[in-house]
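See structure below.
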Amino acid sequence: MEIIDLFELDENAEVLNKKEVKSNTYSQLKLFTEDYKQREDENFNISGQWIVLDESLEINNKYLNYVKYEDKDITWIKLPEKYVEDNYMVNYEADDQCPLGIDVLIKEDGYPLGVITGCDSIKQAKVDNNLDGHNYKGDLGIKLNNDYFLTFNQENEEFKIVKTNVDWDRGRRTI
């Protein structure tokens with residue numbers, strides 16, 4: 001699964017900003033906005049940043065709005081406003097509070113261990129240490145479902161989908 005586009009839309013579904021990542025899904029934007037206008041309601045605001053995935057994916061996160069197209073095999077996910085405003089949680093302070101809907105992916109030696117959903121504070125999420133010869137690190141982002149996590153890589157300035165259900169043997173890596 002890959003991220004193929006990032007759109008920023010206004011309240012009328014007009015494109016404010018577009019960062020093409022992998023392929024041209026601009027033609028899909030018309031389909032998306034037409035579908036949106038048909039189901040427009042108070043709980044679904046189209047304005048904001050949207051990520052387009054190259055796979056039809058069921059999202060199990062009550063804080064995310066998304067539109068899934070099984071026939072086109074793509075998924076549109078709206079990023080939470082506070083997450084976008086805070087520059088994808090890149091420049092955070094330890095005393096800051098995690099925005100609603102932001103989660104933490106804990107990794108051991110680069111391998112995902114699990115997700116802490118709804119982190120309370122950045123202090124809780126800011127894991128970066130070495131214990132028992134293992135390096136632990138926390139990445140702020142958004143849990144999409146039990147298998148995938150969306151995070152922003154500050155070094156490359158790009159979004160990344162991380163598979164959280166990884167089968168690896170910790171015992172083999174301890175030597």
- prompt: How far does CE of Met1 sit from CG of Leu144, to the nearest 0.5 angstrom?
  reply: 7.5 Å
- request: Evaluate side-chain contact (heavy atoms from CB on, under 4.5 Å) for Leu140 paired with Cys119, printing each intermediate quantity in order.
  value: CA-CA 9 Å; Leu140 290 165; Cys119 71; 4.2 Å; yes
message: On a heavy-atom basis, which atom in Pro99 and which in Asp86 lie closest, and how many Å separate them?
response: CG-OD2, 3.8 Å
query: Side chain of Thr117, backbone of Asp103: donor and acceptor closer than 3.5 Å?
result: no
task: Kindly give the heavy-atom pair with the smallest separation between Leu9 and Trp50, and that separation in Å.
output: CD1-CD1, 3.8 Å
task: Might you confirm whether atom CD of Glu157 has over 12 heavy atoms from other residues, nucleotides or ligands at distances under 6.0 Å?
output: no
- prompt: Which atom names give the shortest non-hydrogen contact between Gly101 and Asn61, and what distance separates them?
  reply: O-ND2, 4.4 Å
- prompt: Any side-chain heavy atom of Val104 within less than 4.5 Å of one from Val115?
  reply: no
query: With a 4.0 Å cut-off, would you call Lys68 and Glu70 a salt bridge?
result: yes
- prompt: Is the closest side-chain heavy-atom distance between Leu64 and Lys78 below 4.5 Å?
  reply: no
Shortest non-hydrogen contact between Pro112 and Leu105, atoms and distance: CB-CD1, 3.9 Å
- request: Hey, could you give me the CG/NZ distance between Leu113 and Lys107, rounded to the nearest 0.5 Å?
  value: 10.5 Å
message: Taking atom CD as the centre, does Glu81 end up with more than 12 heavy-atom neighbours from other residues, nucleotides or ligands that are less than 6.0 angstrom away?
response: no
message: If I take atom OH from residue Tyr63 and atom CD1 from residue Ile142, how far apart are they, to the nearest 0.5 angstrom?
response: 12.5 Å
Test item: Leu79 and Phe159 side chains (from C-beta on) under 4.5 Å apart, heavy atoms: yes
task: Evaluate the side-chain proximity of Ile122 to Cys98: yes if any heavy-atom separation is below 4.5 Å, no if none is.
output: yes
message: When you measure from the side chain of Ser56 to the backbone of Ile74, do you find a donor-acceptor pair of N or O atoms at a distance under 3.5 Å?
response: no
- prompt: Do Val84 and Ile59 sit in the same hydrophobic cluster, where Ile, Leu, Val, Met, Phe, Trp and Tyr count as joined when their side-chain heavy atoms come under 4.5 Å apart?
  reply: yes
field: Sub-4.5 Å side-chain heavy-atom contact between Lys163 and Tyr148
entry: yes
message: Within the structure provided, determine whether Leu150 and Ile77 are in side-chain contact (heavy-atom separation under 4.5 Å).
response: no
query: Can you name the closest pair of heavy atoms from Asp139 and Thr151 and give their distance?
result: CB-OG1, 4.0 Å
task: Please name the pair of heavy atoms, one in Asp109 and one in His134, separated by the smallest distance, quoted to 0.1 Å.
output: OD2-ND1, 2.6 Å
- prompt: Do you reckon Tyr83 sits in the same ILVMFWY cluster as Val162, going by side-chain contacts under 4.5 Å, direct or chained?
  reply: no
Side-chain touch Tyr66/Glu58, heavy atoms, less than 4.5 angstrom: yes
message: Are Leu53 and Ile3 packed together at the side-chain level, in the sense that at least one heavy-atom pair is separated by less than 4.5 angstrom?
response: yes
message: Would you say Phe149 ends up clustered with Leu6 if hydrophobic residues are merged whenever their side chains have heavy atoms under 4.5 Å apart, either directly or through other cluster members?
response: no
- prompt: CG/Leu57 to CG/Asn145 distance, rounded to the nearest 0.5 angstrom?
  reply: 5.0 Å
message: Checking side-chain polar atoms at under 3.5 Å, does Tyr88 have a donor or acceptor matched by the opposite partner on Gln49?
response: yes
From OG1 (Thr75) to CD1 (Ile4), nearest 0.5 Å: 9.0 Å
